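Reading through the structure tokens given below for one structure.
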Amino acid sequence: MTAMTDDELNLLTTLRRDLHRTPELAFEEERTAEKVCRVLDEAGIAYERGLGRTGVVATLRAGSGDKAIALRADFDALAIAETTNLEYRSQNPGVMHACGHDGHTTMLAGAARALAKSKSFDGTVHFIFQPAEERGVGAAAMIDDGLFDRFAADAVYSMHNMPWLPAGQFATRAGPIMAAEDNFEIRISGRGGHAAMPHHTKDALVTAAAVVTELQTIVSRAVDPLEGAVVSCTQLETDGAPNVIASHTVIRGDARSFCPAVSELIEQRMKAIVAGLCAAHGAEFTLDYTRVFAPTINTPAETDRAAAAARAVAGADNVDADCAPMMASEDFAAMLREKPGNYIFIGNAAPDGKGSTMLHNPAYDFNDDIIPLGVAYWVALVERELSAG
Ligand SMILES: [Zn+2]
Ligand SMILES: [Zn+2]
């Protein structure tokens with residue numbers, strides 16, 4: 001691993017803090033894309049803009065190999081009001097890089113610059129700078145714009161910082177690493193009426209209460225205990241009042257799972273439970289079940305190579321190649337449905353506590369000290385995947 005020069009580290013740290021200062025929400029990342037392109041221009045790297053509206057894809061070729069891989073970073077921010085007192089804190093009120101996507105973008109741009117200079121590979125590398133990850137729609141938007149038709153790749157890789165993993169370490173696993181997220185909305189209609197005369201009503205709230213309780217049996221009684229799954233009812237609205245029995249209720253919630261068959265089972269059981277209980281209570285219903293994020297599933301061969309690249313730059317003791325999966329979701333899943341590949345976590349937490357604040361917290365900050373390691377990982381991965389001999 002070649003050490004990064006002070007000048008290069010300064011340039012990348014400046015980029016990271018500049019991105020942090022001017023965060024932008026999903027599909028509004030115009031200035032963010034512009035800043036990335038300036039840093040690519042400065043190194044003479046070609047790119048195309050406008051995939052998935054604001055996305056950027058840079059490409060490097062070396063040697064005569066016909067193998068191609070794609071590396072992906074996300075670059076959108078969150079609707080969170082930053083509470084840090086950092087000199088480079090967000091200047092865009094109510095918007096914040098609270099997931100470290102500013103750091104991901106910087107490390108990928110740094111890798112493109114390093115590989116443009118070294119040309120230490122044989123084949124093609126595409127560097128994908130993706131919008132709108134937090135809304136779960138950016139990866140799909142780029143794919144719909146022909147991402148993998150225009151930029152052919154044999155495999156695709158991504159990396160996310162992790163505040164509870166010490167800086168200097170990596171963690172990944174073959175198979176599911178992040179969960180699918182499904183959302184549901186159940187609308188129940190009965191017949192409202194006077195609170196003192198319930199026998200003239202079909203109480204939509206009592207029906208909804210039965211539904212909420214019975215939905216708890218999906219995970220406890222229907223899903224295989226060895227599969228991970230969550231069904232959470234998170235909202236309950238009625239049109240009732242203290243002296244008015246509700247005519248209508250709405251239940252909303254969120255379901256997580258790691259495999260499509262479990263997601264299907266949750267939806268089927270939910271339909272059966274809602275239909276049965278509404279029939280029993282004389283109520284009507286509609287159920288909208290939407291799949292927001294697919295599960296993020298790493299393929300074994302690419303995960304082996306990602307772990308080997310991580311070991312090469314961090315040392316074997318600092319790489320967990322069989323970490324526990326997480327119940328949170330990630331829209332890189334959409335790219336892994338198209339191509340084999342790997343999603344890896346890079347530790348963000350310094351011993352003094354820097355970088356250990358949880359993702360999506362208003363006090364979160366990406367740890368700039370991990371930039372050289374993140375860049376080195378990308379370079380090592382490319383050199384392994386597209387070996388120059
Ligand atoms: Zn996030
Ligand atoms: Zn994120």
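Computed from a prediction, not measured in an experiment: that's the story for all the values here. First listed ligand is number 1; within each ligand, the first listed atom is number 1.
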*Are the aromatic ring centres of F345 and Y343 under 6.0 angstrom apart?*
yes
*Of all N, O or S atoms in H360, identify the one at the shortest distance from the Zn ion (ligand 1).*
NE2
*Do we get K271 above Y289's six-membered ring, with its NZ or CZ under 6.0 Å from the centre and within 45° of the axis?*
no
*Just give me the atom name: the N, O or S atom of E134 closest to the Zn ion (ligand 1).*
OE2
_Rounded to 10 degrees, the angle SG of C99 makes with NE2 of H101 at the Zn ion (ligand 2)_ = 100°
*asked:* On the six-membered ring of Y88, is R21 placed so that its NZ or CZ lies under 6.0 angstrom from the centre and within 45° of the ring axis?
replied: no
*Determine the interplanar angle of the F151 and H126 rings, folded into 0 to 90°, and report it as parallel if under 30°, tilted if 30 to 60°, perpendicular if over 60°.*
perpendicular
*Presence of N, O or S from H160 under 2.8 Å of the Zn ion (ligand 2)*: yes
